[in-house]
Asks: 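The structure that follows is given in the form of structure tokens.
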Amino acid sequence: MSLSHLAANTIVVLDFETTGLSPKQGDRAIEIGAVKLVDGQVVDRFSELMDPGFRVSGFIESYTGISNSMLAGAPACAEVMHRFADFIQGCNMLAHNASFDQKFLDAELAAISRDYQGSFVCSLLIGRRIYPNAPNHKLGTLVEYKGVQHDGVFHRALADAEMTAKLWLAMLADCDTKMTFKQMHTLSKTPKAKVPDYLSALT
DNA sequence: TGCCAGGCCCTCTTTAGGGCCTT
């Protein structure tokens with residue numbers, strides 16, 4: 001399905017918390033958070049913990065604030081991901097460092113034989129192109145750099161998805177509010193040296 | 001035994017190496 005066959009004005013901004021960096025190494029999702037934007041307005045939210053079936057490391061407990069006891073009472077990944085697959089039907093998606101979230105989405109949906117049609121755009125890649133003078137391009141840094149309001153919660157899925165959505169809207173405002181998802185997708189893939197001048201040094 | 005992510009992107013590049021980002 002091409003981008004044009006999806007709801008052009010609807011984007012799901014998503015963020016996974018996981019047991020590690022690589023589903024190929026056995027890592028699983030432990031939380032999914034997402035906000036659905038229609039014409040730049042939040043119209044729906046998704047936030048669920050999920051039990052990966054094994055204990056997470058102390059590092060992950062500390063990094064995310066998600067404890068093994070919290071996960072012990074959560075539904076299994078398969079149950080949550082079925083609901084999330086329904087949530088993202090017909091939508092394009094956005095994430096910060098999207099390749100990371102996409103590989104976990106692909107792995108978790110493959111495990112339950114579900115699929116999706118949307119494409120991903122990456123706010124990290126866009127940030128590197130349009131804010132070259134930012135101290136770095138971590139989500140938290142760009143949120144501060146752009147003065148995006150936040151509640152101080154980081155590394156929880158819904159909070160990070162909300163911040164990524166606000167960052168996305170700030171990026172759109174800086175580039176051109178009328179830029180389409182497809183145009184932003186193209187920008188994210190444009191070699192940095194070929195990004196138009198008026199977009200390549202925003203602050 | 002020893003290793004253990006992977007895509008993007010820059011540069012002292014392309015016959016490569018290393019930092020940045022995500023958990």
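Below, chains carry the letters A, B, ... as their sequence lines are ordered, and counting in each starts from 1.
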Asks: How many whole angstroms separate atom NZ of A:K192 from atom P of B:dC21?
Replies: 10 Å
Asks: Rounding to an integer number of angstrom, what distance separates B:dC8 and B:dC3 when you compare their P atoms?
Replies: 27 Å
Asks: How many Å lie between CG on A:L21 and C1' on B:dC21, as a whole number?
Replies: 10 Å
Asks: In this structure, how many angstroms lie between the P atom of B:dC8 and the NZ atom of A:K103, rounded?
Replies: 12 Å
Asks: Determine the contact category for A:Q25: base if any of its heavy atoms lies under 4.0 Å from a base atom, sugar-phosphate if only primed atoms, P, OP1 or OP2 are that close, otherwise nothing.
Replies: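 Since a base atom lies under 4.0 Å of A:Q25, the category is base.
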Asks: Please report the distance, rounded to the nearest Å, between CD1 in A:I60 and C1' in B:dT22.
Replies: 11 Å
Asks: Under 4.0 Å, counting only non-hydrogen atoms across every strand here, what does A:F59 touch: a base, just sugar-phosphate, or nothing?
Replies: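 Since a base atom lies under 4.0 Å of A:F59, the category is base.
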Asks: Between A:K189 and A:D15, who's closer to the 5' end of DNA chain B by nearest nucleotide?
Replies: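 This one resolves to A:K189.
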Asks: Below 3.5 Å, does any donor atom in the side chain of A:R128 face an acceptor in the base of B:dC20, or the other way round?
Replies: yes
Asks: Nearest to the side chain of A:D160 - B:dC21, B:dT23, B:dC9?
Replies: B:dT23
Asks: Whether A:H96 contacts B:dC21 is assessed here as follows: a side-chain N or O lying under 4.0 Å from the phosphate OP1 or OP2. Is that the case?
Replies: no
Asks: Decide yes or no on salt bridge (charged side-chain N to carboxylate O under 4.0 Å, His left out) for A:R83 and A:E79, but give the supporting numbers first.
Replies: CA-CA 7 Å; A:R83 286 194 284 272; A:E79 181 182 334; 3.3 Å; yes
Asks: So do the side chains of A:E108 and A:R114 get within less than 4.5 Å of each other, counting heavy atoms only?
Replies: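 With C-beta onward as the side chain, the pair stays apart.
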Asks: Could you measure between the two P atoms, the one in B:dG6 and the one in B:dC12, and give it in whole Å?
Replies: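 To the nearest whole Å, 29 Å.
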Asks: Think A:K24 has a side-chain N or O under 4.0 angstrom from the OP1 or OP2 of B:dG6?
Replies: yes
Asks: Looking only at atom P, what distance separates B:dT1 and B:dG7, rounded to whole Å?
Replies: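 Pairwise P distance, B:dT1 against B:dG7, rounds to 30 Å.
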Asks: With a non-hydrogen cut-off below 4.0 angstrom, is A:T19 in contact with a base, only sugar-phosphate, or nothing?
Replies: nothing
Asks: Atom CG of A:L125 to atom C1' of B:dC20: distance rounded to whole Å?
Replies: 11 Å
Asks: Using a 4.0 Å heavy-atom cut-off across all strands, classify A:I30 as base, sugar-phosphate, or nothing.
Replies: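 Touches nothing.
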Asks: Between B:dG17 and B:dC4, how far is it from one P atom to the other, in whole Å?
Replies: 15 Å
Asks: Take A:L71 and A:V56 through the test side-chain contact (heavy atoms from CB on, under 4.5 Å) and record every step on the way to the result.
Replies: CA-CA 9 Å; A:L71 295 174; A:V56 303; 3.7 Å; yes
Asks: Name the orientation class of the two ring planes belonging to A:F46 and A:F84 (parallel below 30°, tilted from 30 to 60°, perpendicular beyond 60°).
Replies: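 If you compare the ring of A:F46 with that of A:F84, the planes turn out perpendicular.
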Asks: Determine the interatomic distance between C1' on B:dC20 and the same-named atom on B:dT15; round to the nearest Å.
Replies: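 Roughly 25 Å separates the two C1' atoms.
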Asks: Hey, mind stepping through A:E17 and A:R156 against salt bridge (charged side-chain N to carboxylate O under 4.0 Å, His left out) and telling me if it holds?
Replies: CA-CA 7 Å; A:E17 303 306 317; A:R156 287 300 299 267; over 6 Å; no
Asks: Take atom CD of A:E17 and atom C1' of B:dT22, then tell me their distance rounded to the nearest Å.
Replies: 10 Å
Asks: Taking the nucleotide of DNA chain B with the closest heavy atom to each, which residue, A:T18 or A:S22, is nearer the 5' end?
Replies: A:S22
Asks: Here's a test for you: under side chain to side chain contact (heavy atoms under 4.5 Å, CB included), which of A:D101, A:L142, A:D160, A:V143 qualifies with A:H96?
Replies: A:L142
Asks: Counting the atoms with a prime plus P, OP1 and OP2 as sugar-phosphate, which does A:D101 contact under 4.0 Å by heavy atoms, base, sugar-phosphate, or nothing?
Replies: nothing
Asks: For A:L124 and B:dC8, what is the distance between atoms CG and P respectively, to the nearest whole Å?
Replies: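 Computing the A:L124:CG to B:dC8:P distance gives 11 Å.
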Asks: Are OP1 or OP2 of B:dC21 and a side-chain N or O of A:H137 less than 4.0 angstrom apart?
Replies: yes
Asks: Measure from NZ on A:K138 to P on B:dC21 and round the result to the nearest Å.
Replies: 7 Å
